[in-house]
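A quick write-up on the structure given underneath.
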2 protein chains.
Amino acid sequence: MKTLATLLTQEQVQRTHKASLEVLSEVGMIVRNDKALAIFVKNGCEVDSETLLVKFPASIVEHFRKMMPPTFTFRGRDPQFDRTIPDDSPVIITASSTPDIIDPVTGEKRRSTSDDIARIAHLINELPGYDVFSISTLADDAPPDQFTISRLYPALKNCLKPIRSTATDIEDVKKVLRLGSLIAGSDEAYRERPFITHHFCPVVSPLTFDHDSTEMLIYFVEQGLPVYPSIVPNGGLTSPMTLAGTLVQGNAEFLAAAVLMQMIRPNTPLIYSTLPTMADLRTGAYASGGIECGMLQMACAQMSHYYDVPSGGYIGLTNSKINDAQSGYETGLSTMGGLLAGADMFNMGGLLDALMAFDFAKAVIDDEIAQMLKRVKRGFEFSDKKLALDVIAKVGPGGAFLSNPHTVKFMRTGALLPKIADRNAHGDWVKKGSHNTHDRALLQAREILGRENIALFSPEIEKKIRTEFDNLVAGDLKLPEGW
Amino acid sequence: MKTLATLLTQEQVQRTHKASLEVLSEVGMIVRNDKALAIFVKNGCEVDSETLLVKFPASIVEHFRKMMPPTFTFRGRDPQFDRTIPDDSPVIITASSTPDIIDPVTGEKRRSTSDDIARIAHLINELPGYDVFSISTLADDAPPDQFTISRLYPALKNCLKPIRSTATDIEDVKKVLRLGSLIAGSDEAYRERPFITHHFCPVVSPLTFDHDSTEMLIYFVEQGLPVYPSIVPNGGLTSPMTLAGTLVQGNAEFLAAAVLMQMIRPNTPLIYSTLPTMADLRTGAYASGGIECGMLQMACAQMSHYYDVPSGGYIGLTNSKINDAQSGYETGLSTMGGLLAGADMFNMGGLLDALMAFDFAKAVIDDEIAQMLKRVKRGFEFSDKKLALDVIAKVGPGGAFLSNPHTVKFMRTGALLPKIADRNAHGDWVKKGSHNTHDRALLQAREILGRENIALFSPEIEKKIRTEFDNLVAGDLKLPEGW
């Protein structure tokens, strides 16, 4: 793209920034974490130790936010899958951490397990549109003290692309890092190529740092390991019922988290990552499929450009329970909006029902949408060969292009050739069973799940992991019963 | 929107323009219409009367294309529905002229009739997202000499919004204008507020003016009645298999049609209207749902801005046969792309299967998408009230916005409240019957079709029309049998 779509004037971007500074200096944030409080005190914020309210002088926010680096890198077990934003934008990621899955055989919703994560990891590894696997579901079968590694182990064992994960507390985090070191071969090897990117929501809107997520964010920044926060205001419930108000508050919250990170370790890479929504106050529903979510993401992308920091987040979610028209247009409208506004990262893949359930077919459909977004980003090419004036002259008025060598040359690259979208004549579509997109996508998922897993660990590593983590889930790829 | 997304640099826009001039001056166009040939000769083009090849000197194209006015107005029977682009952009229109309809009762595809057109007209009149009704289907029950008025009469009788129509030949056109005059009360009254906008595809790609459509385009321009042409190159078959090549050829074809119109009557309003596609050469399928169609529309919008003329066309079509995820994302991705690139007019509503079948549910779903596009276009509002800094301060860190008067004030306007999109909790959705988007949209269509038609003609006009056009179709709104 040559210029980006913007919903705000440059003056409005500046006004949003100034208003955010005002919120941070005059309203402030409650900080429910001692380490964060100490860091803010040390760096000149006003802290009320009774109410835990921290006020951020504008000059301090300005000082630290200018330390944010302009890039962020996701590393994979295999370096060919490393992705740096914004250079490699758009980076497409699964949406994550849902408790439930739509069972691919019965079509019924049920709790997700570590076996499901192994399957999803393999699927994401094989689907070309995805760049990063953010672990889609929880593992209901996790042993009590292995909540996070029961998700991470099957993910890493079945996917060479960068893995994004979260954790529940610092004890948990230490197991995660130990697993990483065992796979990499040593602590040093893991720290040289940390193939797990950590993600937390340290801010509970409105304007509150929590304890645990903030603690873990601080830990990873201290360790110099890849981590970024997401900001998730919900207009009408946890932020104002107006787009501008939710943008300002969310931007203030982002700045607070960003400043905390830069205070700990200057120039720590991060992402302006958000999931801003407007509640549907007819029922109080969480409307992450609403067009306002896409609009707020577009405005956040604009703010991120003002700060010169990569941006993105949960763009393209749907409220639909199934892969119907709604799931298609909600994902389509918001992702194209985000792309054309210059968002770098899209946590868009595989979830239905406003983040409540993973669906294999949705992941495959979103892969095809991802490929379209990437095609748009590549844009037009204006070589003489592509302009084809000689071909237009040679074919001439009333002529046919099909048999021209230029057409033959570009027939497989001149347009994206989708696998899931149906382009049959109506009669052929009926003959082939009148399948809808969901059916076709599920078939493709099944075919991919039948392929060999190429991401397995060596027997030595496997043995070391199992020795250290007794009782660990199997994490092996296998087709679901009945498929 | 403040700035538009662009896929081309300004230099590439100019290069496209120059390359188009080169195509017109060096390759030229075949012109299969004597009147057009005469007009081109008279205005200084080189015409080979044997081959019918016309070459357009660049200076002549430049002279006439600068006469294109920057606006185009659609007029409705009721002036409150008049729409001028680009001021009222995006103007949302049904996609049109398909032979078939998905029967809303049986779900089966069948030929469409004038009764169907009456129903569709009423539906479009009632759905708030639509601005113009381009008659969606043909009328299979039309008497032999009433092909076009059998479509127009039920359309006008059931819809007060602007009607867009086409015609088959000049005899047909005369009946159309007579019908318009009878409804308006007189020729003069109709010409003062012509509530039918005419549309033709005079260019058959590559680079050929046909006889009939060109003849009718000329006629309406001569008459000073609203008309515009659409350009429909199909990469790989009727234009090059590259985006840049198809853009250049299509742009040349648009300029040729535009120049013809301006030669007849300087400053005739028109639209840079296109439906550019890239064929899927695995099968030769017409891929109007492909992302390249959206990308080409974005580039055409950019060309239209260079020429300072309103733009748009068939943006947001789908190849899907049903309202599934594909129909959702194909319509969603391309329309958002077109919107953010500044296209003014979207012929997006109601058709499935690459323009082959109308579907009531699709029309209702597209209405909801239209409302979202219009919401994006309105953008953010940055009043103090909307920024809500006082509300953020008052609610404070950790507070709740729900009960704040600001939230109550904006709860119905702060976010679009969709009718078709489902936002229920999963259990409620199941309890309500696990309906998909198609089912819900069809229910809404049925409810609307049960409403009173407020667009009827007076008994006097009705009598005059029936006296003049013996054997005319009924054109009355009634629910389909079995509904």
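First the proteins, then the strands, lettered A, B, ... as listed; each starts at 1. Values below: every heavy atom of this structure, side chains too, minus hydrogens, waters and symmetry copies.
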Evaluate the side-chain proximity of A/Gln302 to A/Gln12: yes if any heavy-atom separation is below 4.5 Å, no if none is. no
Part of A/Glu381 lying under 4.5 Å from any heavy atom of chain B: backbone
Comparing B/Gly399, B/Ala421, B/Ala393, B/Ala285 against chain A, the one with the most heavy-atom pairs below 4.5 Å turns out to be B/Ala421
B/Phe382 vs A/Thr16, test: side-chain contact (heavy atoms from CB on, under 4.5 Å). Steps then yes/no. CA-CA 9 Å; B/Phe382 261 76; A/Thr16 302; 3.3 Å; yes
Chain B contact via A/Ala441 - side chain, backbone, both or neither, heavy atoms under 4.5 Å: neither
What part of B/Leu416 gets within 4.5 angstrom of chain A, counting heavy atoms only: side chain, backbone, both, or neither? both
Given heavy-atom pairs under 4.5 angstrom as the criterion, report whether the side chain, backbone, both or neither of A/Val376 touches chain B. both
Any chance you could lay out the side-chain contact (heavy atoms from CB on, under 4.5 Å) test for A/Leu352 and A/Thr318, step after step, and finish with the verdict? CA-CA 6 Å; A/Leu352 292 169; A/Thr318 181; 4.0 Å; yes
Please name the pair of heavy atoms, one in B/Gly236 and one in B/Met241, separated by the smallest distance, quoted to 0.1 Å. CA-SD, 3.6 Å
With a 6.0 Å cut-off (strictly less than), is the heavy-atom count around CZ of A/Arg375, excluding the residue itself, greater than 12? yes
Taking atom types as modelled and ignoring hydrogens, do the side chains of A/Glu330 and A/Ser320 form a donor-acceptor contact shorter than 3.5 angstrom? no
A/Lys377 atom NZ: more than 12 heavy-atom contacts under 6.0 Å: yes
Residue selection (most heavy-atom pairs with chain A, distance under 4.5 Å) from B/Lys109, B/Glu26, B/Met29: B/Lys109
Are A/Met372 and B/Leu333 packed together at the side-chain level, in the sense that at least one heavy-atom pair is separated by less than 4.5 angstrom? yes
Option that, when pairs with chain B are counted at under 4.5 Å, heavy atom only, ranks first among A/Leu340, A/Val27, A/Thr51, A/Thr238: A/Leu340
Neighbour count >12 (heavy atoms, 6.0 Å) for atom CE, A/Met411: yes
Under 4.5 Å to a heavy atom of chain B? For A/Ser327 that would be side chain
Select one option (side chain, backbone, both, neither) describing which atoms of B/Thr335 are under 4.5 Å from chain A's heavy atoms. side chain
Let me know if A/Asn436 has heavy atoms under 4.5 Å from chain B in its side chain, its backbone, both or neither. both
Cut-off 4.5 Å, heavy atoms of chain A, and the answer for B/Leu247 is side chain
With only heavy atoms counted, which part of B/Val391 is less than 4.5 Å from chain A, the side chain, the backbone, both or neither? neither
Counting heavy-atom pairs under 4.5 Å to chain B, which of A/Ile365, A/Val395, A/Ile369 comes out on top? A/Ile369
Close side-chain approach of B/Glu292 to B/Leu243, heavy-atom, < 4.5 Å: yes
Residue from B/Ala400, B/Ala287, B/Ser205 scoring the most non-hydrogen pairs under 4.5 Å with chain A is B/Ala287
Any luck finding a side-chain donor-acceptor pair between A/Asn424 and A/Lys432 under 3.5 Å? yes
Can you say whether A/Thr437 sits under 4.5 Å from chain B via the side chain, the backbone, both, or neither, judging by heavy atoms? both
Do the side-chain N and O atoms of B/Thr277 and B/Ser288 include a donor-acceptor pair separated by under 3.5 angstrom? no
Contact origin within B/Ala361 toward chain A - heavy atom pairs under 4.5 Å: neither
Heavy-atom contact with chain B under 4.5 Å, split by part of A/His426: both
Is it the backbone or the side chain of A/Thr246 that comes under 4.5 Å from a heavy atom of chain B, or both, or neither? neither
Between B/Asp353 and B/Lys321, is there a salt bridge with N-O shorter than 4.0 Å? yes
Evaluate the side-chain contact (heavy atoms from CB on, under 4.5 Å) criterion for residues A/Met336 and B/Ile291: first the C-alpha distance (whole Å), next the side-chain angles of each, then the deciding distance (0.1 Å), finally the verdict. CA-CA 11 Å; A/Met336 184 62 95; B/Ile291 195 64; 3.7 Å; yes
Please name the pair of heavy atoms, one in A/Ser334 and one in A/Gly316, separated by the smallest distance, quoted to 0.1 Å. CB-N, 3.9 Å
Flag the one option from B/Phe380, B/Tyr286, B/Phe410, B/Trp429 with the top tally of heavy-atom pairs under 4.5 Å to chain A. B/Phe380
Among A/Asn323, A/Val248, A/Ile392, the residue with the most heavy-atom pairs under 4.5 Å to chain B is A/Ile392
Of the listed B/Ile30, B/Leu237, B/Val408, the one with the largest count of heavy-atom pairs under 4.5 Å with chain A is B/Leu237
Interface residue of largest heavy-atom contact number with chain B, from A/Ala425, A/Pro418, A/Pro206, under 4.5 Å: A/Pro206
Chain B heavy atoms under 4.5 Å from A/Ala354: which part of the residue, side chain, backbone, both or neither? neither
B/Gln10 side chain to B/Gln14 side chain, donor-acceptor N/O pair below 3.5 angstrom: no
B/Lys362-B/Thr331 side chain donor-acceptor pair, cut-off 3.5 Å: yes
Honestly, the part of A/Leu373 sitting under 4.5 Å from a heavy atom of chain B is side chain
Salt bridge between A/Asp384 and B/Arg15, side-chain N to carboxylate O under 4.0 Å? yes
Per-residue tally against chain A (heavy atom, under 4.5 Å) across B/Thr208, B/Val23, B/Asn319 peaks at B/Asn319
Interchain contact, A/Leu417 with chain B, by part (heavy-atom threshold 4.5 Å): both
Contact part of A/Leu53 toward chain B, heavy-atom cut-off under 4.5 Å: side chain, backbone, both or neither? side chain
At a 4.5 Å cut-off on heavy atoms, which part of A/Leu389 comes close to chain B: side chain, backbone, both, or neither? side chain
I'd like to know which of A/Met295, A/His406, A/Met278 tops the heavy-atom pair count under 4.5 Å against chain B. A/Met295
Out of A/Thr413, A/Val430, A/Leu4, A/Asn404, which one racks up the most heavy-atom pairs below 4.5 Å with chain B? A/Leu4
Go through the atoms of A/Gln371 and report whether side chain, backbone, both or neither lie under 4.5 Å from a heavy atom of chain B. neither
